[in-house]
Amino acid sequence: MKNKNWLLYFILVGVVLGGICGWWFGPRMTAVAWIGDIFLNALLMLVIPLIVSSLIVGISGLGDITKVGKTGLITLIYFMTTTAFSVVIGLCMVNLLTPGESVKMVSEMPEGVASKNSLGITDVLPDILQSFISPNLIKSMLDMDILPIIVFSLVFGGVLTTLGEKGKGVISFFDAVNEAIMKMVHLVLYLAPVGIFALIASKLGAAGGGDAFWAELMKIGKYAFTVIAALLLHALVVLPAILIFFTRRSPLKFFKGASAALTTAFSTASSSATLPVTIECAEENNKVSRRASLFVLPIGATVNMDGTAMYEAIAAIFIAQMIGVDLGFTEQIIIFVTATLAAIGAAGIPEAGLVTMIMVLQSVGLPLEGIGMLLSIDWFLDRCRTTVNVWGDSIGAAVVDKLEEKYVEGG
Ligand code: ASP
């Protein structure tokens, strides 16, 4: 336990020093980017075997199919409700603070957005559904295309439980794989203080250092403030309230337990790369049951993104405000729905939310050029929303664990 505290303090020192060095030394800090990449790649290396083994062990640990169904339903309800809460908070804040009103839109269509110019919700919805199934699992693994891997592992794990003794052998194989990978996560975590330092310092350095970052931030300062305030409200009020209500746990202690995952999320801007640390924190520090964390967290890292959903809604209304379009109630409802879908469709990788935002803008006829206005500062806001995404997943695992104990295990 002492060992863990020690590591955590070093990680926090890494965050602070990374911020200071990146701010102060600017582009020179890009020289340490390779150290951050080693840490990031070490985490990414573990993601696919971790997801596959976690879901197989997780689903087989849940018991028979009715129990799996009930736990799945609880998880789904948690994901949907918390995402809905976060989008509503985002919509209220952006309508209240109107950050776009005093800003002039001067921007070009960003690359990669232009090609998707004609996408509408009716094109994107089948796209999202299609992305659940892949004709080639190996290719999905190579591309880190996680949704089909989740679907495959869930079904595979479910089917294994119906094979009796034969199935048990395979399940215990994956159980051992999972334990071994988690031990590797322990080892990778020792790199975290230096890795996190390097990731933050080099990214801030690449953005030009403190002065350039500040100047960019101030250009759309009220917008950044709205996003951060809404994220904080969700992360510090709504999610802790849910944690207390369902589990009677102390949010402060839970926060401390999850802090290695939260700082990793902030420094990598990727829920998927953070997944190994999220599982480690949930099981080891926050004592969430293994079966709940192995089931909820891999799925959550890919589909449950409270921060991203909120961000997409705020950004869409911000763009509307910039060009002087007054969106009515119906349009705001459409944004609510599409932002939620866009967050489910977004991969757990850096700046994925910017791409799925196209669907949100298209659904209410807003110009895609607006995304150009958000680009310069997205690397930073992405980190903030990814941290909230991971926080939402971590609390989700604890809530599902408790409810499963009460309603599924207890009958
Ligand atoms: N970077 C985010 C994540 O990995 C996704 C996004 O909002 O771009 O959770």
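Remember, predicted model here, so these are calculated numbers, not experimental data. Counting starts at 1 for both ligands and their atoms, in listed order.
- Every residue meeting the side-chain contact (heavy atoms from CB on, under 4.5 Å) condition with I74, not counting sequence neighbours, appears here in chain and number order: V400, L403, V408.
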In residues 226-251, what donor-acceptor pairs under 3.5 Å come from side-chain atoms, sequence neighbours left out?
residue	atom	partner	partner atom	Å
T226	OG1	K222	O	2.6
H234	NE2	D306	OD2	2.9
T247	OG1	L243	O	2.6
T247	OG1	R249	N	3.2
R249	NH1	N286	O	2.8
R249	NH2	N286	O	2.8
S250	OG	L252	N	3.3
S250	OG	K253	N	3.1

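- The aromatic rings of W391 and F255 stand perpendicular to each other, their planes meeting at an angle above 60°, with 30° marking the opposite boundary.
- Looking at T308 and N389, their side chains do bring a donor and an acceptor atom within 3.5 Å of each other.
- With T274 as the partner, the side chain to side chain donor-acceptor pair (under 3.5 Å) test is satisfied by one option alone out of T387, T264, T268: T268.
- Contact residues for ligand 1 (protein heavy atom closer than 4.0 angstrom to any ligand atom): A269, S270, S271, M305, T308, A347, G348, I349, P350, E351, A352, G353, D382, R385, T386, N389.
- Each side-chain hydrogen bond (donor to acceptor under 3.5 Å, both in side chains) pair with one or both residues in residues 53-62, not counting sequence neighbours, appears once here: S53-N178, S54-N178.
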